[in-house]
Amino acid sequence: MGISIFAASNNKDGLFVTNRHTEKNSQDSKNSKGGKSIFAGNFNSQNNNTIELKRKLAYKRAMKILNDTFATEQDIDNSINGLKEQQELLKQEALKDKKAAMGVQDERAQLMESYGVTEDSEEHKELELLRKEFQPDTVLTDSEMEQIAGIYKRGLTEYQKGMMELDSKEEVYRQRASQKESSANAISGSITNIELERLKTHPVADATREADEIMEAANKELIGGLWAEAKDNIDEKMEEAMEKAEKEAEEKEEEEKKEAERKKEKLELEKRIEEAKLSSFVTESASPDTSVNTSFDTTEVHDIIQESSNNSSASKAEKEIQKLVEELNLIMEDLKGAKVDMNV
C-alpha cells in the first residue's frame, strides 16, 4: 500500500507516503513529416503549484484519518492501562487486608494467654455461643437463645469483650479484602470485553486502507489532469504546426503561380522576337530598295521587364527575359547593318 503505519520517510510529500506517487516525465513527440518536436511537459508554475496543493490536501486528509484513529486507539490503550494499574492496586490492598485478618489470630492467642483462658473453659464456651449468634444461616434453639440473653444480662467478661472486638476487626478486614477482590475481578472483565470488542473491528487497518484509497485517488486524479493538460498542450502545438504548414503551402502555391506567369511572359516574349525576326527578313526580301524599318516597338517588352524589376525577389525567368531583350537588340543592330549593305 501507499501508506505505512509505522515507517516514516523524509520526503517532501510528507510522512507515511511511500513510492506510490507516479511521476510522468514529458517526452518528445516527433512529427513524421516535418521532424518537429512537440513537448507535453513544461507546464507553468501555477499548474505545478495547483498539483502540489492538491497532493498536500489529499495527504492532509489521509493523515487526519490516521491521526484520529491512532488518537482514539491510544485513548483506549491508556484507559486499559489505567484499569490494569487500578486492578493491580486493588489486588495489593486486598492482599494486605487478608494478611491483617490473619494477624488477628495472633492477637486472639495473646488475649487468651493474657487472661489465662483456655478453649475448655466455661468463659470461652460462652464466647463460642455468642459468636454463633452472628454466624449467617445459623438457627439458634430456644435454650441457646435463653442462655445468650442471660449472658448479656449478666454482662460480658473482659476476655469476651476483647475477643468480640477482635472478631469484628477480622470481619472488617475480610470484607474489605473481598470487596477489593470483587472490584479487581470486575476490572478484569471490563478489560476482557474491551479487547474482545476491538477484535471485532479493525480501526487501524480500516483507517490505513482509507488513507491509501485517498492518496491513490488523488494520484489518479493528478495523473489524469496531467495527461489531459498534456493532450491539450499537444493539440495546441499540433494546431499551430498545421496552421503554419497551411500558410507555407499557400505561400508556395502563390509563388508557383507567379513563376508560371513569368514563364508565360517569357514564352510570349520569345514568340514576339521570332515574329520580329521573321517580319524583318520578309520585308527585306520583298522590297530590297525600300528602307527597312529597323525600329521595333519594344514598349510591351520593357513594360514586362519593368514589372518584373519591381518585384523584390528576381527569379531565373526574369534573368532569361532580360537575356531575350538583349538578344532582340542585337537582332535590331544586325538588321541595321543589313540595310547599309543593301544601299551600297
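In this chain, residues are counted from 1 in sequence order.
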Note to self: Evaluate E93 against L89 for side-chain contact (heavy atoms from CB on, under 4.5 Å), listing each step before the verdict.
What the structure shows: CA-CA 6 Å; E93 291 180 352; L89 180 62; 3.9 Å; yes
Next item on the list: Determine whether more than 12 heavy atoms belonging to other residues, nucleotides or ligands lie under 6.0 Å from atom CD of E128.
Entry: yes
Next item on the list: Not counting sequence neighbours, which residues clear side-chain hydrogen bond (donor to acceptor under 3.5 Å, both in side chains) with E254? List them please.
Entry: none
Margin query: Do E119 and M112 make a side-chain contact, defined as non-hydrogen atoms from C-beta onward lying under 4.5 Å apart?
Written below: yes
Check: With sequence neighbours left out, what residues match Q110 under side-chain hydrogen bond (donor to acceptor under 3.5 Å, both in side chains)?
Finding: none
Side-chain polar contacts of residues 152-163 - donor-acceptor pairs under 3.5 angstrom, sequence neighbours left out - could you list them?
unit_1 : atom_1 : unit_2 : atom_2 : d
Y152   : OH     : E133   : OE1    : 3.4
R154   : NH1    : E126   : OE2    : 3.3
R154   : NH2    : E126   : OE1    : 2.9
T157   : OG1    : E123   : OE2    : 2.5
T157   : OG1    : Q160   : N      : 3.1
Y159   : OH     : H124   : ND1    : 2.9
Q160   : OE1    : T157   : N      : 3.2
Q160   : NE2    : E123   : O      : 3.0
Q160   : NE2    : E126   : OE1    : 3.1

Next item on the list: Apply side-chain contact (heavy atoms from CB on, under 4.5 Å) to E243 and list each qualifying residue two or more places apart in sequence or on a separate chain.
Entry: E239
Checklist line | Least distance between heavy atoms, S183 atom then L90 atom | finding: CB-CD1, 3.5 Å
Check: Between CD1 of I76 and CD1 of I80, what distance do you get to the nearest 0.5 Å?
Finding: 7.0 Å
Note to self: Measuring from atom CD of E146 to atom CD1 of I151, what distance do you get when rounded to the nearest 0.5 angstrom?
What the structure shows: 12.5 Å
Check: Judged by atom type as modelled, is there a donor-acceptor pair below 3.5 Å linking the side chain of S178 to the main-chain atoms of Q175?
Finding: no
Checklist line | Nearest-0.5 Å distance that lies between atom CD in Q74 and atom CG in N67 | finding: 12.0 Å
Item checked: With sequence neighbours excluded, residues passing side-chain contact (heavy atoms from CB on, under 4.5 Å) with N185 -> none
Notebook entry, point to check: Looking at side-chain heavy atoms only, is the closest gap between D167 and E171 below 4.5 Å?
Noted result: no
Note to self: Please determine whether residues I194 and F70 belong to a single hydrophobic cluster, defined as Ile, Leu, Val, Met, Phe, Trp and Tyr linked transitively by side-chain heavy-atom distances below 4.5 Å.
What the structure shows: no
Next item on the list: Grab the two heavy atoms, one from V139 and one from E144, that are nearest each other, plus how far apart they are.
Entry: O-OE1, 4.4 Å
Margin query: Testing K91, R174, R176 one by one against D97 for a salt bridge (charged side-chain N to carboxylate O under 4.0 Å, His left out), which residue passes?
Written below: R176
Check: Is there any side-chain hydrogen bond (donor to acceptor under 3.5 Å, both in side chains) pair reaching into residues 188-198, and which pairs are they, with sequence neighbours excluded?
Finding: E73-R198, D77-R198, E197-K200
Next item on the list: Check the surroundings of atom CG in D142: do more than 12 heavy atoms from other residues, nucleotides or ligands lie under 6.0 Å from it?
Entry: no
Checklist line | With K169 via side-chain contact (heavy atoms from CB on, under 4.5 Å) - residues at least two apart | finding: V104, E107, Y173
Next item on the list: Identify, with sequence neighbours excluded, every residue that meets side-chain hydrogen bond (donor to acceptor under 3.5 Å, both in side chains) alongside E261.
Entry: none
Next item on the list: Indicate yes or no for a side-chain donor-acceptor contact from S168 to the backbone of M164 under 3.5 Å, with no hydrogens or angles considered.
Entry: yes
Checklist line | Interatomic distance, L66 atom CG to D212 atom CG [nearest 0.5 angstrom] | finding: 8.0 Å
Checklist line | Non-hydrogen atoms of L129 and I148 that approach each other most closely | finding: CG-CG1, 3.6 Å
Item checked: Residues that E181 engages under side-chain contact (heavy atoms from CB on, under 4.5 Å), provided they are two or more places apart -> A94, K98
Check: In chain order, what residues pass the side-chain hydrogen bond (donor to acceptor under 3.5 Å, both in side chains) check against K99, with sequence neighbours excluded?
Finding: none
Note to self: With rounding to the nearest 0.5 angstrom, report the CD to CD distance, E253 to E250.
What the structure shows: 7.5 Å
Next item on the list: Using salt bridge (charged side-chain N to carboxylate O under 4.0 Å, His left out) as the criterion, list what pairs up with K125, not counting sequence neighbours.
Entry: none
Notebook entry, point to check: Can Q92 and E88 be counted as having a side-chain donor-acceptor contact under 3.5 angstrom?
Noted result: yes
Note to self: The criterion is salt bridge (charged side-chain N to carboxylate O under 4.0 Å, His left out); which residues satisfy it with K84, sequence neighbours excluded?
What the structure shows: none
Margin query: To the closest 0.5 Å, what do you measure between CG (L83) and CG (N78)?
Written below: 11.0 Å
Check: Honestly curious: do M63 and I65 fall in one hydrophobic cluster under the side-chain, below-4.5 Å linking rule?
Finding: no
